[in-house]
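Input: a single structure, listed below in structure tokens.
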Amino acid sequence: MGRDKSRKRAQSSSDESLDSEEEARLRDLRERDEFADRLRKRDEDKTRKVLESSSSRKAYEEAAKRLKLEIEDREKILPQLRVQSRRKYLEKRKDDKVAELEADILDDEYLFEEKILTDRERKEREYKKQLLTIAKEHEKARELERVQRYHMPQDVKKGETEEYVEVDERERQPNSEQKKWESEQLASAMFQFGAKDAKIKDEYDLLLDDQIEFIQALTMEGSKSKDKKPEITETEKHKMDIEETKKSLPVYPFREDLIAAIQEHQILIIEGETGSGKTTQIPQYLYEAGFTKDNKKIGCTQPRRVAAMSVAARVAQEMGVKLGNEVGYSIRFEDCTSERTILKYMTDGTLHREFLSEPDLASYSVMIIDEAHERTLHTDILFGLVKDIARFRPELKLLISSATLDAEKFSQFFDDAPIFRIPGRRFPVDIYYTKAPEADYIDACVVSVLQIHATQPLGDILVFLTGQDEIETCQEVLQDRVKRLGSKLKELVILPVYANLPSDMQAKIFEPTPPNARKVILATNIAETSLTIDNIIYVIDPGFAKQNNFSSRTGMESLMVVPISKASANQRAGRAGRTAPGKCFRLYTAWAYKHELEDNTIPEIQRINLGNAVLMLKALGINDLIHFDFLDPPPHETLVLALEQLYALGALNHHGELTKLGRRMAEFPVDPMMAKMILASEKYKCSEEIVTIAAMLSVNSAIFYRPKDKIIHADTARKNFNHIHGDHLSLLQVYNQWAETDFSVQWCYENFIQYRSMKRARDVREQLVGLMQRVEIDMVSSLPETIPIRKAITAGYFYHVARLSKGGNYKTIKHNQTVMIHPNSSLFEELPRWVLYHELVFTTKEYMRQVIEIESKWLLEVAPHYYKAKELEDSTNKKMPKTAGRSTMTV
DNA sequence: GAGCACTGC
């Protein structure tokens, strides 16, 4: 309705300007395609090199330095520089050689640990190790020397520019914290403890108050017999020859049939439970069957980074090659592949990004979408994209791999593709329900844990809770109860685990349970799919989880506790049957399971803001998104909102086509508004600051640490960073101060800042800086001036503006919705007239999180097409326009 | 005067 009116307005506007408008549109499209061509060419050059991103950045820095030199007095500095560069070269060469040696030894041990070595081989390995020790000791000695020299600057010749940096070089490595966490995950995925003897010990006859009555309803069938212990323990498996291990996997007998089916059909749905070996084996079978001829690759996507890495490592080991050569993986911040790579594991998001540079997947002969049943946003979009490609690339094979239940649905979506079933390897799990609903499930969890501990044979317990808060409460209550019961019970080790928990504390859940004790792990949904803990025999499932929902009507996110789905409940129960037969206690009735739980969790694509996804699809040339082939289409309003926003940001023209600006925005793995902000920093000459703010906003409010016992200290520390103009600038101060301390851990600790989040912000920042260079933006700083920074933010987020109304409330300009400044904000007590917010969240009230003060006239400056001067008049006597001015647009 | 499930680019 409103849109029609505005369209008419556009039509009636002067006809002569139409021609020039059309011309501008065509010119923009031309420029957009030229830009895309430039990117493609650059990418092609890049892929020829084995080492890419970091080396190209170094090359860039070198070039910049060289340029600077031209201005300075070349004659004077050159001889000195020559000496210096020679020294640096030798230094670097030594470092490289040491690293190479170290990698060599690791590889050697990794690949051939089970093999019996000849005397010569053993000696060689010993020699290498010795060499490495010596090299390291030498380095240590030098390190000491360096520190001493630092205190004697008079030793340095005047004019010599040698740097004496004391920073721990390992800390300076990008992603080191991430890597630490991942390597821990990796280790836990690869080395498994043998199944512990779960002998029935003498049972306690202990009466607990208010026991919960459970009734056993059914047993989730396993493929293994109930009474038998696993016939192959993990340690034995390690000793087995790799070939034999491969043959023992459930998928092995299907090898020939599977290859035949793939040869016959273009698309195949593979239904198989975890533990069938499909993820590691199928790509190898395909390789052996010749699918990688003609320089083609086999790709396999995973929803998680750790999975992509660990599976690739396992397959490389099985094939006896070095990881990163024939078998590699590619995840954000880390590309471990080379031109030789033929089996490539990657995260679904990485493949999604790869589409931008290779929209037809030309370098792949087979693409496997693994864990499709998890229905991540990226997987869902990939479905539509690969289905489309399969139509014009008949030689491309597609394998969609999923757990049970969903296979039929996938088959229907992919034009009735045949389903290939592979059995899994799992133990049966007895399922128990409560007789009556439980009112307080935390209390019910505590009681159940004690009940199991008192009456059931040894074996660890896994409890699913919804969040950190619940976990902490439960932990306290449980500890208290155990203390009161005293020595009547065996030892109970209580361990929490959730994503925001520091990694060293997370790692504790993987430590073996002490003898004669029982471990209780209180976990969030992280233990449902992301972490796999061995030796869990009992699972307690209250049936709830926190879920994020996005409302396109209000543009608001809300994190709410909701009942889980049947699929999720079964996934949780399955966690009890990994190493031996297990039991799952559901704290709800069988009736509730049957009638109240949905079959499947609502897929992500229907629950979140699709701004970035829509921009990506547009960048891939998919113009008609409303009719895009989604497995489950997102709500119509969400798509419309995303398109409207992209239009308002100038990423789409009035024909709904991608503009040059939009093409540049699509390069950034961030929301469109943030991408626009980053690009606007070019104009306002504050790219250094904006990219920091973008990185800090991306780590999602996990920066300030508030331990329960030191809340006052933490809050005071936080207030020290507050900036009078708002939270974005506070975040900037946090980052810059941290950077000044050379990214110190100690500093974070002293200021109640989460080191892990800061590291992540630093990684994100580095990636964004790389991308900015890619889209041809210079890095410049505007400090101490902050107005340009706030203007650049406004250029991206002019959609997110609210004004103080008479009642002391804020009203959003867009929806005239009442919202409040979040109490954590530095502007909470300031109440400026005009504010810009980063996000709207509904918790107990409608809150704006991350707020800055702006001036209304900036809105006219950065978005003249979106705001009219009249509606921004500040005088409160004047009538406010009912709706915000909206420009024309056809979706 | 509030409160952050989990992934991923």
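In the text below, chain A, chain B and the rest are named by the order of the sequence lines, each starting its count at 1. These numbers come from the heavy atoms of this one structure, side chains and all, not from hydrogens, waters or symmetry mates.
Regarding A:Ile564, its CD1 atom lies at a distance of 16 Å from the P atom of B:dC6, rounded to whole Å. The distance between atom CD of A:Gln302 and atom C1' of B:dT7, rounded to the nearest whole Å, is 13 Å. In this structure, the NZ atom of A:Lys719 is 12 Å from the C1' atom of B:dA2, given to the nearest Å. We find that CG of A:Leu465 is positioned 16 Å from C1' of B:dC4, with the value rounded to whole Å.
For A:Glu354 and A:Lys344, the salt-bridge test passes: some basic side-chain N is under 4.0 Å from an acidic carboxylate O. Comment: A:Glu598 does not engage A:Lys566 in a salt bridge, judged by the lack of any side-chain N to carboxylate O separation of less than 4.0 angstrom. Look at A:Asp632 and A:Arg375 and you find a salt bridge, because one of the NZ, NE, NH1 or NH2 atoms lies within 4.0 Å of a carboxylate O, short of that distance.
Both A:Asn548 and A:Asn612 lie near DNA chain B, and the one whose nearest nucleotide falls closer to the 5' end is A:Asn548.
Minimum interatomic distance between A:Ala717 and A:Phe752 (heavy atoms only, all atoms of both residues): CB-CD1, 3.8 Å.
In the set B:dA2, B:dC4, B:dG8, the nucleotide with an atom closest to the side chain of A:Leu559 is B:dC4.
Side-chain N/O atoms of A:Thr347 include one lying less than 4.0 angstrom from OP1 or OP2 on B:dC9. Between A:Arg305 and B:dC9, a side-chain N or O to OP1/OP2 separation shorter than 4.0 Å is present. In this structure, A:Thr376 does not reach the B:dG8 phosphate: none of its side-chain N or O atoms is under 4.0 Å from OP1 or OP2.
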